Every structure is written in structure tokens, then in C-alpha cells.
Trainee: 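Have a look at this one.
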Amino acid sequence: MCGIVGYIGKRNALPIVIDGLRALEYRGYDSAGVALWDGAKIRFEKAAGRVSALESRLSRKSTLWNGKSAIAHTRWATHGKPSDRNAHPHADCQGGIFVVHNGIIENYAELREALIREGHSFLSETDTEVLAHLFERPFLSSGKIFLEDAVLEGLRHVDGTFGIAVISKHDPEKIVVARRGSPIILGVGDEEYLVASDASAIVGVTKNVVYLHDNEAAVLAPSQMQIFNLSKKAIQKSVDKIDWDISQAQKGGFDHFMQKEIFEGPSALENVFLGRLIDPPTGGGSAKLGGIVAVRDRLLRAKKIIISACGTSYYAGLVGKHYFEEFAKIPASVEYASEFRYSNPVIDSDTAAIFISQSGETADTLEALREAKKRGALALGIVNVVGSTIARESDAGVYNHAGPEIGVASTKAFVSQLGALALLALFLGRERGAVSDVLGQKLVRELKAMPAKMKRVLSGDAEIKKLAEKYLKYKNFLYLGRKYQFPVALEGALKLKEISYRHAEGYASGEMKHGPIALIDENFPTVALAPKDPVYEKILSNIQEIKARNGRVLAVATEGDAKIGKLADDVIFIPQTLEMLTPLLSVIPLQLFAYHTAVLLGLDVDKPRNLAKSVTVE
Ligand code: F6R
């Protein structure tokens with residue numbers, strides 16, 4: 001939610017922060033702004049709309065915009081609608097201090113009232129603007145003061161979350177940065193430093209990064225960086241290296257990031273398996289997970305598993321529940337993170353709690369993790385973004401290594417989350433004696449075969465596009481699946497609604513006759529997930545029930561299934577695999593179907609309306 005970026009060093013800062021904004025635009029895209037110190041004064045510009053709107057305003061004046069430090073912001077509105085006025089950066093009364101902010105200042109209304117009583121005047125409706133005025137206060141009373149001291153003093157009054165970057169004409173040769181609850185990463189270049197909400201805005205300049213933790217702050221100057229806590233006690237931190245390339249965060253010949261990332265599904269799965277599958281010539285197959293070695297005994301003692309996540313990651317968790325129960329024979333349940341944390345969950349040190357998050361920054365998932373840890377549970381993370389807050393705060397975990405996911409709709413991350421869950425279930429199943437040698441080997445063999453099978457499904461892209469054209473006239477869809485296919489139905493419906501704005505409901509197919517069947521008529525098609533698995537006959541009956549009510553059916557079925565073609569109006573075929581692995585194949589046509597529908601409707605698939613990639617507010 002919102003992206004911030006800043007640069008200080010020897011180069012002209014403007015093109016660097018604008019590139020950074022473009023990379024961060026997936027985090028929020030309703031307005032953007034920049035402030036730059038040009039050696040004599042701070043120049044600033046803001047614009048409602050995309051980063052391109054800001055760029056076109058800047059292009060008219062770019063010759064004047066030359067300076068070695070700048071901060072910039074791309075917004076996802078929380079307080080105050082998207083407008084030039086509400087766009088960041090926000091300034092104090094005298095235009096001497098400029099702030100960009102990601103997060104929510106929860107007590108902003110009281111602070112704003114108090115500041116107005118003191119004589120401050122506000123220009124925007126945002127919570128962020130109170131920060132600029134809070135940071136102005138010490139300058140008003142004492143005149144000569146360092147910017148970092150003014151910022152730390154101001155932050156003492158703030159409740160809520162922030163990732164901020166601040167510049168000031170009063171103390172200009174620096175950027176002051178602070179974080180609580182919103183991600184901040186620092187880039188360390190050659191006599192240049194950067195700050196950003198995530199690595200995508202930095203990796204074009206440097207791969208050397210420092211992860212700022214909660215309640216930490218930093219001063220970035222052209223030739224040095226100091227890090228301290230919010231009481232200004234110095235902190236030493238190590239410099240890490242980003243293990244991916246700028247090219248991975250670009251479209252690479254595809255029309256959209258979402259399309260590229262759907263096609264990266266097979267390699268995302270290969271990456272999550274890399275070095276982790278044990279396939280001995282004799283004995284049982286298993287999984288080797290370096291990230292959980294330290295908590296192995298505690299994990300094996302766990303009497304139950306609870307999985308918590310949001311959105312697509314939550315649907316991956318629903319598949320994971322079946323994995324753990326079926327293969328590790330351990331009771332497992334799945335909870336929305338936003339519900340879990342307020343549900344007074346009955347968990348203790350005998351519980352292994354698994355938190356799934358692509359970004360590793362989702363506020364609800366992070367708070368659920370903290371709640372689970374407070375109650376004594378073992379907290380494991382299945383996280384894509386290395387060094388993210390959820391990854392750091394988990395006791396142990398499995399990185400999915402899917403590479404950067406830029407499209408707002410999650411696709412390859414889902415596939416790799418299923419891969420990580422399968423590995424964990426296989427490991428637990430073997431260690432707990434629930435998976436035999438023979439079954440272990442069979443699972444490993446089939447896991448290895450999955451990327452190639454996924455590629456086969458992807459090769460049907462043109463057919464799926466034709467189906468998207470055929471179904472374009474429909475405004476409502478029902479997605480049905482049972483057992484392993486129920487989460488896929490939910491995920492398919494989510495994909496369609498979030499990028500094409502078509503209404504779609506995912507349902508457990510057995511529940512259809514308990515209500516949703518009333519919706520069915522010739523204008524309300526059903527996407528039925530019907531691979532050849534133990535519940536296949538049941539879904540066939542559902543399809544028959546729909547056909548009897550004049551409903552159209554688009555089925556996803558297993559290659560060689562002759563029966564289904566006689567029932568469904570259209571069929572997309574996927575290769576045969578083990579039941580547990582069918583979601584890895586059946587989800588792909590649904591991702592492609594949603595993608596093509598949105599493209600055909602002329603919508604911006606990578607930046608759907610009202611959404612942001614990383615939901616760092618509750
Ligand atoms: C849907 C989507 C969201 C995310 C959800 C959780 O396509 O992207 O539903 O899955 O916001 O995000 P992470 O996995 O980053 O915690």
C-alpha cells in the first residue's frame with residue numbers, strides 16, 4: 001500500500017526516483033509526487049493518477065529539476081480521496097519539510113486538532129500531513145536542530161504505522177528515514193544511498209541492501225549512512241545482497257506482468273523444489289528444508305497445524321490443510337488472518353502455526369503471526385519476499401523463491417506456495433511415519449514431473465483466449481470445485497473478479513444445491529473443476545444439475561476424459577496427475593481465462609482498480 005523511494009548521492013536524483021516509482025507503482029497508483037533538493041531550495045510536484053501523469057507534469061520543467069537528493073511516493077488512498085492535494089509529499093506550514101509516508105497514523109485526528117490549535121494550517125485531508133507539522137514543531141521552538149532529532153521527537157506522539165522518508169531545507173544534505181509496521185529497505189551504492197518500500201525500486205542501482213526493522217530510523221547522507229532506534233541509540237546492521245536481477249522485474253517481451261508471471265509458474269515451481277527434493281535410488285523420497293532444521297523437534301511435537309493468510313495465499317492454505325491431514329496425518333485448520341487475530345484462538349506450544357504471504361508484509365497476516373507467537377505457538381512462514389517482515393518474525397520457514405511478482409493479481413506465487421506446502425507436508429509425513437517409502441518416492445517423482453505438465457497446460461493458451469472471447473458477454477460466473485478443487489474454484493473466481501470486475505463466486509460444489517443453484521439460468525455460466533479424482537463423479541452430477549436448468553458449463557477436466565465432453569459446453573483439458581497435485585494444473589486455465597477476459601475488456605490487468613499489491617494496512 002503506497003510506495004516510497006528516495007535517493008541521495010552524486011547523481012541527479014530525479015530520474016532515479018522516477019524509475020523507482022515506476023517499479024513501485026504496483027503498490028498503489030492513484031496519485032504520485034516527488035520532492036527534490038536542488039542545492040538552494042526544495043522543488044516539489046504532485047499529480048493525481050498514474051506515475052505517468054506526474055512525469056508529464058515534470059517533463060515541462062525537467063531542466064530546472066537537478067539535485068542530488070529526492071524523495072517520491074506513489075499512493076493508494078486511505079485518508080482523503082485521490083487528488084493532487086492529497087498526493088504525497090506533504091509539507092509543513094512553511095514548505096520547509098517534506099514527507100512521504102506509507103502506513104496509517106491512527107491518532108491523526110487528535111494530532112491534527114492539537115496542531116491546528118497551535119496555529120498550524122493543513123492543506124490536505126490525509127493522515128500523513130500531521131507528520132510534516134509534527135516535525136516542524138522543534139524547528140519553530142529551537143531553530144537550530146538536526147532533522148533526525150525533529151523527526152524522532154515528532155514520532156513520539158504518533159500511534160499507528162509508518163514507513164517514512166523526510167527531507168528539509170533546514171538540514172538539507174540528508175534524508176531521514178523511519179519505520180514502524182511498514183516495510184523499508186535501504187540501498188547501499190557507491191557514495192550513494194537509497195530508501196524504498198521494496199527492493200524493486202533499488203535493484204536497478206544497487207543489489208546491496210539493509211533491511212530496516214520496526215522502530216528503527218536512519219540518516220542517509222551522500223557519503224554515509226547511520227542507523228539507530230527511535231531513541232537514537234546507534235545500531236550496527238549487516239548489508240545483504242538481493243539475489244535477483246532487474247530483468248526479473250521487467251515484462252521480458254510479454255504484454256503484461258500478470259501474463260509473464262502465469263507463464264513463469266513452471267519455473268517458480270522448479271525454484272521452490274530446487275535442492276529440496278530427496279529422491280534416493282533406494283528408500284523413501286522426502287523433502288529437505290533448510291529453513292526449518294532449527295525447529296525440527298518442536299515441529300514434530302506439534303499436535304495440530306493452523307494456517308493463516310489472506311486472499312490468494314489463504315486459498316493456498318486451504319489446499320495445504322488437505323496436504324497436512326492426508327499425508328502428515330495431523331489435524332489442520334485454515335483461518336483468514338484478519339479473523340484469526342481477533343478470534344481469541346485456542347493455540348499453545350503444541351500448535352504449529354503457518355503464515356503464508358507472497359509479500360511478507362500483509363498487515364493482517366503479520367499481526368496474526370504476532371498473536372500466535374504471543375500464545376506460544378511455533379510460527380512458520382511460507383514467504384516469497386526474502387527479508388520481509390513476516391519472514392523475519394517467523395521462528396522458521398520456507399521461502400518460495402518465485403522471484404518478484406509485480407502483477408497485482410497473484411499467480412506464480414500461488415503455484416509456488418502450493419509447492420512449499422507440498423514439501424512441508426511430505427517432510428512431516430515422512431518424519432511422522434505417515435508416508436511410506438513407496439508413497440514418498442511416488443510423490444517426489446510426480447512433484448518433479450509437475451513443471452513439464454504445467455507447461456503443457458500453458459501451451460493451450462490460444463484455446464483459452466478463444467473461450468474467454470466466447471464467454472465475454474456474461475457478467476456473472478459460478479466456480480465450482482470439491483475437496484482439492486474447492487480452493488481452486490475460490491482462486492479462479494477471485495482472479496476473474498479482481499482483474500475483469502466480473503462477478504464470480506467460488507463455491508464448494510456440494511453446497512450448490514443448498515442455495516446458489518437458484519442463480520443458474522442461461523445467463524449465469526459455471527466453471528466446473530472436474531479432474532479425474534476420487535470426487536469426479538460428484539462434480540459430474542453437479543454439472544448435470546446445472547445443465548438441467550439451462551446453465552452453460554465450462555469444465556476443466558483430465559486429458560482422455562470422453563464423458564465430460566458430452567455434458568459440458570466447453571472443456572479445457574489438463575494432464576493426469578496425483579489428486580493432491582491437480583490444483584497446480586487446474587488453476588492455470590483459470591488464471592489465463594481471467595487474464596484474457598480482462599485484456600479483451602480493455603482493462604489494466606496489472607493495476608486493477610482499487611487494489612494494491614501489498615496490503616500493509618488493516
Ligand atoms: C489476489 C491477491 C491478494 C493477495 C493477498 C495476500 O490476487 O494478490 O488476494 O493474495 O493480499 O497477500 P500476500 O500473499 O502478499 O500476503
Side-chain angles (χ1 to χ4, degrees), residues 1 3 26-28 76 181-183 197-200 256-259 261-262 265 268 307-320 334-341 354-370 381-394 397-400 402-418 420-421 479 487-488 490-501 504 506 587-588 590-595 597-598 603-618:
M1 304 305 231
Y26 71 93
R27 300 177 65 91
W76 186 87
S182 303
S197 299
D198 70 47
S200 61
H256 299 96
F257 282 110
M258 182 184 178
Q259 185 190 27
E261 288 158 6
I262 295 171
I307 302 172
S308 193
C310 305
T312 291
S313 299
Y314 169 82
Y315 298 149
L318 291 177
V319 176
V334 196
E335 297 247 11
Y336 283 117
S338 52
E339 293 292 322
F340 173 84
R341 53 179 300 207
I354 300 176
F355 299 91
I356 308 175
S357 176
Q358 186 287 126
S359 62
E361 301 293 349
T362 301
D364 286 320
T365 311
L366 177 60
E367 289 306 326
L369 179 149
R370 289 177 177 159
I382 293 182
V383 175
N384 191 33
V385 177
V386 174
S388 56
T389 313
I390 293 174
R392 286 202 314 269
E393 292 199 18
S394 302
V398 183
Y399 275 121
N400 16 326
E405 191 180 64
I406 311 287
V408 165
S410 190
T411 52
K412 66 174 177 176
F414 178 75
V415 165
S416 69
Q417 286 164 347
L418 297 190
L421 287 160
Y479 281 65
V488 180
L490 293 169
E491 173 60 4
L494 176 63
K495 287 290 90 89
L496 191 71
K497 61 188 144 197
E498 69 182 329
I499 59 166
S500 76
Y501 319 142
V587 77
I588 293 173
L590 307 194
Q591 293 173 341
L592 288 171
F593 183 74
Y595 169 75
T597 303
L603 299 170
D604 186 345
V605 292
D606 284 334
K607 297 189 188 78
R609 70 183 180 204
N610 305 339
L611 295 179
K613 181 73 183 159
S614 173
V615 186
T616 53
V617 294
E618 270 190 72

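All values derive from a computational prediction rather than experimental measurement. The analysis underlying the following values was restricted to heavy atoms, covering all of them including side chains, and did not include hydrogens, waters or symmetry mates. Ligands are counted one by one from 1 in listed order, and the atoms in each one are counted from 1 as well.
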Trainee: With distance as the sole criterion, is a donor-acceptor pair present between the side chains of Y314 and D364 under 3.5 Å?
Mentor: no
Trainee: Check each of E491, E405, Q417, E261 against S410 using the side-chain hydrogen bond (donor to acceptor under 3.5 Å, both in side chains) test, and report the only one that passes.
Mentor: E405
Trainee: Less than 3.5 Å apart, any donor N or O on the side chain of S313 or Q358 sitting next to an acceptor on the other?
Mentor: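 On atom types as modelled, these side chains do not qualify, holding no pair under 3.5 Å.
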Trainee: Nearest 0.5 Å, please: how far is OG1 in T312 from OH in Y315?
Mentor: 7.5 Å
Trainee: Quick one: pull up CG in L369 and OG in S308 and give me the separation to the nearest 0.5 Å.
Mentor: 9.0 Å
Trainee: At a 4.0 angstrom heavy-atom cut-off, what protein residues surround ligand 1?
Mentor: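 Residues within 4.0 Å of ligand 1: C310, G311, T312, S313, S357, Q358, S359, T362, V408, A409, S410, L494, K495, E498.
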Trainee: Within this structure, what is the CZ-CZ distance for the pair R370 and F355, rounded to the nearest 0.5 Å?
Mentor: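 Going from the CZ atom of R370 to the CZ atom of F355 covers 11.5 Å.
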